[in-house]
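This report refers to the structure that appears directly beneath it.
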2 protein chains.
Amino acid sequence: MASRPAPVASDDQADQTELLGLVGYNLRRAYLVIQSLFDERMEKHDLRQAEFSVLSIVKDNPGINQKALAEALVVAPPNLATLLDRLEARSLLTRQRNPEDKRAQLVELTTQGARLYGRALKAAADADNAAVDRLSAAEREQLKALLRKIFAD
Amino acid sequence: MASRPAPVASDDQADQTELLGLVGYNLRRAYLVIQSLFDERMEKHDLRQAEFSVLSIVKDNPGINQKALAEALVVAPPNLATLLDRLEARSLLTRQRNPEDKRAQLVELTTQGARLYGRALKAAADADNAAVDRLSAAEREQLKALLRKIFAD
DNA sequence: TATTGTTATACTCTATAACTATA
DNA sequence: TATAGTTATAGAGTATAACAATA
């Protein structure tokens with residue numbers, strides 16, 4: 001028997017057959033692509049992914065508290081706090097104590113925040129479309145439905 | 001006209017309709033799930049995702065150099081160097097200078113590395129299966145194919 | 001006592017610049 | 001002059017413990 005396999009040492013593309021058999025690896029690779037397109041197109045709005053997501057949820061859930069926001073976005077509360085600090089400092093949203101439960105903060109977009117979110121959503125949709133360039137409209141819906149089966153409760 | 005929308009301030013699930021319309025957001029949420037399942041099941045092997053991927057590629061491409069490895073895994077060369085340091089310190093792989101080009105390092109798994117990878121691959125497959133629990137075999141293949149269309153060249 | 005949110009902190013991941021040794 | 005790999009370092013993302021205010 002051969003004592004060891006012949007070294008390949010090529011500069012060609014590496015064989016990744018085994019990794020590509022895993023959904024998780026494909027998911028990661030696709031996520032890297034879409035993340036980078038998103039960041040590119042969102043740079044002019046100076047918004048990171050988590051910040052964009054916050055604006056979106058707050059816009060559609062005005063007066064949401066931070067606990068619900070943190071849960072919806074799967075972000076740890078301390079990290080949400082600093083994230084909101086930045087957005088509040090940019091006057092994109094406000095935090096007000098809930099008069100009915102003074103522990104809670106009610107989060108709402110400012111007019112300026114709503115305006116920025118409107119523009120940012122277009123940029124996000126652009127990035128999305130660029131990423132799924134080679135997918136038909138039906139395939140895009142199919143993909144979203146399959147992904148949702150993984151993370152939805 | 002109403003001057004402002006009625007605050008919701010609910011602890012119920014937040015409306016995420018707009019975010020869920022984006023492939024990227026669904027991708028991220030699914031990625032978080034699969035990542036956490038992977039980490040759980042890979043803990044007993046003390047392997048992170050990037051380390052597992054390295055073992056996989058090296059196993060299928062013995063003698064690969066670090067440049068090709070970094071490209072295949074979309075990892076920056078400095079980060080790959082420290083990653084390989086750890087795996088080499090654990091005697092899971094070896095780095096040898098290429099006699100034909102002494103700048104390059106030929107990376108190979110040790111017997112111990114190959115053995116660990118074998119067990120780790122089972123754990124990775126387990127995590128994968130747990131994540132796509134609600135998908136049929138056909139849907140899993142479909143999902144991988146759709147994802148590959150996003151990141152493949 | 002439990003809950004909301006904050007501060008401080010640490011750990012991982014990722015990215016870049018500057019260096020070495022070879023080519 | 002260019003390339004493979006390394007070192008050092010900085011930044012972002014994420015996680016936990018300890019705390020203050022309120023319930």
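Chain identifiers are assigned alphabetically (A, B, ...) following the order of the sequence lines, protein sequences preceding nucleic acid strands; residue numbering begins at 1 within each chain.
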Carboxylate-amine/guanidinium contact Asp85(B) Arg95(B), below 4.0 Å: yes
From dT4(C), dT7(D), dT6(C), nucleotide with atom closest to Ala104(A) side chain: dT4(C)
Closest to the Arg48(A) side chain, choosing from dT7(D), dA4(D), dA12(D): dA12(D)
Whole angstrom value for the distance that separates C1' of dA12(D) from CD of Glu43(A): 15 Å
Side chain of Lys67(A) (C-beta onward), nearest among dT12(C), dT4(C), dT6(D): dT4(C)
Pairing of Lys149(A) and Glu139(B) as salt bridge, 4.0 angstrom limit: yes
Polar contact flag, side-chain donor to acceptor under 3.5 angstrom, Asn98(A)-Arg103(A): no
Length of the CG-C1' vector between Leu80(B) and dT16(C), whole Å: 16 Å
Tyr31(A)-Phe151(B) aromatic ring centre distance below 6.0 Å: no
Contacting residues from residues 26-40 of chain B, given that a heavy atom lies under 4.0 angstrom of DNA chain C: none
Reported CG-to-CG distance for the pair Leu109(A) and Leu116(A), which is rounded to 0.5 angstrom: 9.5 Å
Linked, directly or transitively: Leu143(A) and Leu32(B) (ILVMFWY side chains, under 4.5 Å): no
Check: protein-nucleotides 20-23 of chain D nitrogen or oxygen pairs below 3.5 Å:
{"residue": "dT22(D)", "atom": "O3'", "partner": "Lys102(A)", "partner atom": "N", "Å": "3.4"}
{"residue": "dA23(D)", "atom": "OP1", "partner": "Lys102(A)", "partner atom": "N", "Å": "2.8"}

Among dT6(C), dA4(D), dG5(C), the one nearest Asn65(A) by side-chain distance: dG5(C)
Sub-4.0 Å heavy-atom contacts from residues 82-95 of chain B onto DNA chain D, ordered by number: Asp85(B), Arg95(B)
Same apolar cluster (I L V M F W Y, side chains within < 4.5 Å links), Leu20(B)/Leu69(A): yes
Nearest-angstrom distance from the residue atom CD of Glu71(A) to C1' of dT3(C): 12 Å
Atom pair CG/CD1 of Asp15(B) and Ile57(A) - distance to nearest 0.5 Å: 7.5 Å
Comparing Asn79(B) and Ala50(A) on DNA chain D - which has the more 5′ nearest nucleotide: Asn79(B)
Whole angstrom value for the distance that separates C1' of dG13(D) from CD of Gln49(B): 14 Å
Atom-pair distance (CD on Gln105(B); P on dT7(D)), nearest Å: 10 Å
Polar side chain donor-acceptor pair, Tyr25(A) to Gln16(A), under 3.5 angstrom: yes
Thr82(B) side, atom OG1; Arg86(B) side, atom CZ - distance, nearest 0.5 Å: 5.5 Å
Expected output: side-chain Glu108(A) to main-chain Leu93(A) donor-acceptor under 3.5 Å: no
